[in-house]
**Student:** 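So that we are looking at the same thing, I have put the structure below in structure tokens.
Atoms within each ligand, like the ligands themselves, are counted from 1 in listed order. Residues take their numbers from the sequence shown, with the count starting at 1.
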Amino acid sequence: MSRNTALITGITGQDGPYLARLLLDKGYEVSGLVRRSSTPNLERLERLGIRDRVRLIEGDLGDGGSIINAIDLCEPSEFYNLAGQSFVPESWKTPVQTGDFTALGITRCLEAIRLIDPEIRFYQASSSEMFGKAQETPQSETTPFWPRSPYGVAKVYGYWITINYRESYGLHTSNGILFNHESPLRGLEFLPRKVSNAVARISLDLQKDLQIGNLEARRDWGYANDYVEAMWLMLQQDEPGDYVVASGETHTVRELIEIAFGRVGLDDYEKYVVVNPDFYRPAEVDLLIGDASKARAKLGWKPKVGFRELVEMMVDADVELEKTKLAVKQNIL
Ligand code: NAP
């Protein structure tokens, strides 16, 4: 039997390296589409120790030809589309570009698959942000969408075009409707990582305060390494499908902050927190909490890491990271 091969777009992001590691451990050959940047952006692959085990192919979701080229080069049996402009606040600043990459980019991937090899199985990184102004609680695969940001709107397009290629051409295409998932590899602009990093820096006297928006906002947060397993499971099913992937719990930003400061022994967290309205969203989403019972029943998937463990893991990792940076700086000076 030929070896499984996978192409991952967004391999330099948070989820890409975790998924790549999972697939490598299962014996896959893994390639990743990377866009050119003026400085190399492979730090997360390096942190997981897999930089030399994946093949990197230059390309961009804005350029259909480069996707065709990547498929030609690595001949994947599975295609995971994780790339896109993924930061919700940024999507109000660059709504057109967000639509180009996060919506139309998916059609470019699907067209490439349809034209080159319709047997390739396709995973689309859909998002709980599609529920936005939530029409019911908790949200499941049957909850109607009401996106509240250009990002959410683009994701709704991606969701439906993924289903459309399944229905129009019989492609094996699946959507994972993932609720927020975090890890030490999360970008610093995302709230949980912003908190874990600020807490680490405050505990080391490198920063004075944590500027934050709505302390009472609630989210359903899970661990990225658990969630990539659900992506893989979807593509192993005989039939494609759409699945909510979530922890099924919500926590407030305040709870997250309290746990994070507690981890470094600073129990009087309020002393360090500055509420700044600049960090409020123009249109806030309602209570997003996922019902992942379909994923549990059909894929046998459930999260392994709980909320407290996740927050503490992120704080610990940031303390180590900041200490290392400090040591390097002190050695240089
Ligand atoms: P991320 O850390 O922001 O990574 C995004 C990746 O997409 C990066 O590798 C980025 O490359 C790449 N990318 C952006 N625009 C591109 C383009 N035009 N062409 C090629 N690559 C491009 O996102 P993530 O947290 O790993 O999330 C993965 C996917 O899941 C995203 O589509 C996100 O919207 C979706 N999602 C995430 C969550 C979550 O909570 N994390 C929840 C639901 C859905 P550079 O490194 O060059 O910028």
Side-chain angles (χ1 to χ4, degrees), residues 7-20 32-48 54 56-67 69-70 80-91 94 96-106 108-109 112 123-132 139 147 149-159 162 175-193 219-228 230-231 243-247 285 288 290 292 303 310 314:
L7 175 60
I8 302 174
T9 72
I11 198 162
T12 56
Q14 170 189 242
D15 293 0
Y18 285 115
L19 177 63
L33 188 84
V34 289
R35 48 182 183 168
R36 194 199 161 269
S37 58
S38 54
T39 46
N41 183 16
L42 306 172
E43 188 218 328
R44 289 166 170 139
L45 291 166
E46 279 158 10
R47 278 177 74 180
L48 293 197
V54 296
L56 301 176
I57 303 172
E58 266 194 37
D60 194 303
L61 280 201
D63 186 318
S66 71
I67 302 168
N69 179 54
Y80 295 86
N81 181 39
L82 310 184
Q85 192 302 96
S86 75
F87 188 47
V88 173
E90 175 66 22
S91 75
T94 57
V96 175
Q97 195 193 55
T98 298
D100 191 9
F101 297 158
T102 305
L104 279 182
I106 297 145
R108 295 187 186 103
C109 296
Y123 171 85
Q124 165 57 15
S126 289
S127 164
S128 57
E129 291 284 331
M130 300 189 303
F131 296 123
Q139 295 87 44
S149 61
Y151 169 82
V153 173
K155 284 289 184 188
V156 171
Y157 173 93
Y159 172 88
T162 297
N175 281 291
I177 306 173
L178 269 56
F179 281 63
N180 290 42
H181 46 280
E182 314 296 324
S183 73
L185 298 188
R186 187 65 141 151
L188 279 167
E189 68 276 36
F190 292 90
L191 185 135
R193 180 75 202 291
R219 292 288 186 277
D220 178 331
W221 279 296
Y223 178 34
N225 195 43
D226 287 346
Y227 286 32
V228 298
M231 300 175 185
Y243 297 87
V244 163
V245 177
S247 77
V285 296
L288 293 185
L310 171 65
M314 291 176 69

**Student:** Any atoms of ligand 1 less than 4.0 Å from a non-hydrogen atom of Ser126? List them with their elements.
**Tutor:** 43 (C), 44 (C)
**Student:** Could you tell me which atoms of ligand 1, counted from 1 in the order shown, lie closer than 4.0 angstrom to a heavy atom of Asn41?
**Tutor:** 45 (P), 46 (O), 47 (O)
**Student:** Could you tell me whether Asp60 and ligand 1 have an N or O pair separated by under 3.5 Å?
**Tutor:** yes
**Student:** Of the protein's non-hydrogen atoms, which lies at the shortest distance from atom 42 (C) of ligand 1, and what is that distance?
**Tutor:** His181 CE1, 3.4 Å
**Student:** Taking Arg186's backbone N and O only, do any of them form a donor-acceptor pair with Arg193's side chain (distance below 3.5 Å, no angle check)?
**Tutor:** yes
**Student:** With a cut-off of 4.0 Å, which atoms of ligand 1 are near a heavy atom of Asn180?
**Tutor:** 40 (O)
**Student:** Do any N or O atoms from the side chain of Asp220 and from the backbone of Ser247 form a donor-acceptor pair under 3.5 angstrom?
**Tutor:** yes
**Student:** Going by atom types only, do Glu90 and Thr98 share a side-chain donor-acceptor pair under 3.5 Å?
**Tutor:** no
**Student:** Is it true that a side-chain atom of Ser149 and a backbone atom of Gly152 form a donor plus acceptor pair closer than 3.5 Å?
**Tutor:** yes
**Student:** Do me a favour and list the nearest non-hydrogen protein atom to atom 29 (C) of ligand 1 with residue, atom name and distance?
**Tutor:** Leu82 O, 3.0 Å
**Student:** State, with a plain yes or no, whether a side-chain heavy atom of Ile11 is found less than 4.5 Å away from one of Leu56.
**Tutor:** yes
**Student:** How close does the nearest protein non-hydrogen atom get to atom 27 (O) of ligand 1, and which residue and atom is it?
**Tutor:** Asp15 OD2, 3.7 Å
**Student:** Yes or no: does Glu129 have any heavy atom under 4.0 Å from an atom of ligand 1?
**Tutor:** no
**Student:** Would you indicate which of Gly32, Gly84, Gly10 comes nearest to atom 13 (N) of ligand 1 when only heavy atoms are counted?
**Tutor:** Gly84
**Student:** Identify, by atom number and element, the atoms of ligand 1 in contact range of Leu178, meaning under 4.0 Å from any of its heavy atoms.
**Tutor:** 42 (C), 43 (C)
**Student:** Which protein non-hydrogen atom lies closest to atom 30 (O) of ligand 1, naming both residue and atom, and how far is it?
**Tutor:** Ala125 CB, 3.3 Å
**Student:** Distance to 0.1 Å, residue and atom name: give those for the protein heavy atom nearest to atom 4 (O) of ligand 1.
**Tutor:** Gly13 CA, 3.3 Å
**Student:** Please report whether ligand 1 has a polar contact with Phe101, defined as an N or O pair separated by less than 3.5 Å (distance criterion only).
**Tutor:** no
**Student:** Identify, for atom 3 (O) of ligand 1, the protein heavy atom at the shortest distance, and state residue, atom and that distance.
**Tutor:** Ser86 OG, 2.5 Å
**Student:** Decide yes or no on side chain to side chain donor-acceptor pair (under 3.5 Å) for Gln124 and Asn175, but give the supporting numbers first.
**Tutor:** CA-CA 5 Å; Gln124 165 57 15; Asn175 281 291; 5.3 Å; no
**Student:** Please indicate whether any nitrogen or oxygen in Gln14 is less than 3.5 Å from any nitrogen or oxygen in ligand 1.
**Tutor:** yes
**Student:** Contact between Tyr151 and ligand 1, counting heavy atoms under 4.0 Å?
**Tutor:** yes
**Student:** Does Ile177 reach the side chain of Gln139, with side-chain heavy atoms less than 4.5 Å apart?
**Tutor:** no
**Student:** Could you see which bit of Leu61 sits under 4.0 Å from ligand 1, with heavy atoms only: side chain, backbone, both or neither?
**Tutor:** both
**Student:** If you have a sec, work out which protein heavy atom is nearest atom 21 (N) of ligand 1 and how many Å separate them, to one decimal?
**Tutor:** Ala83 CB, 3.5 Å
**Student:** Salt bridge check: are Arg108 and Asp100 linked by an N-O gap of less than 4.0 Å?
**Tutor:** yes
**Student:** Distance from Arg44 atom CZ to Ser183 atom OG, nearest 0.5 Å?
**Tutor:** 8.0 Å
**Student:** Tell me, do Pro147 and Lys155 make a side-chain contact under 4.5 Å, heavy atoms counted?
**Tutor:** no
**Student:** Please could you name the atoms of ligand 1 that Arg186 approaches to less than 4.0 Å, counting only its heavy atoms?
**Tutor:** 25 (O), 39 (C), 40 (O), 41 (N)
**Student:** Before signing off on this row, confirm whether Arg35 and ligand 1 have an N or O atom pair separated by under 3.5 Å.
**Tutor:** yes
**Student:** Which residue from Thr12, Val88, Leu33 reaches closest to atom 10 (C) of ligand 1 through any of its heavy atoms?
**Tutor:** Thr12
**Student:** Below 30° counts as parallel, above 60° as perpendicular, anything between as tilted: where do the rings of Tyr80 and Tyr123 land?
**Tutor:** tilted
**Student:** So does Phe87 get a backbone contact from the side chain of Gln85, meaning a donor-acceptor N/O pair under 3.5 Å?
**Tutor:** yes
**Student:** Please work out which of the three classes, parallel, tilted or perpendicular, describes the rings of Tyr227 and His181, given edges at 30° and 60°.
**Tutor:** tilted
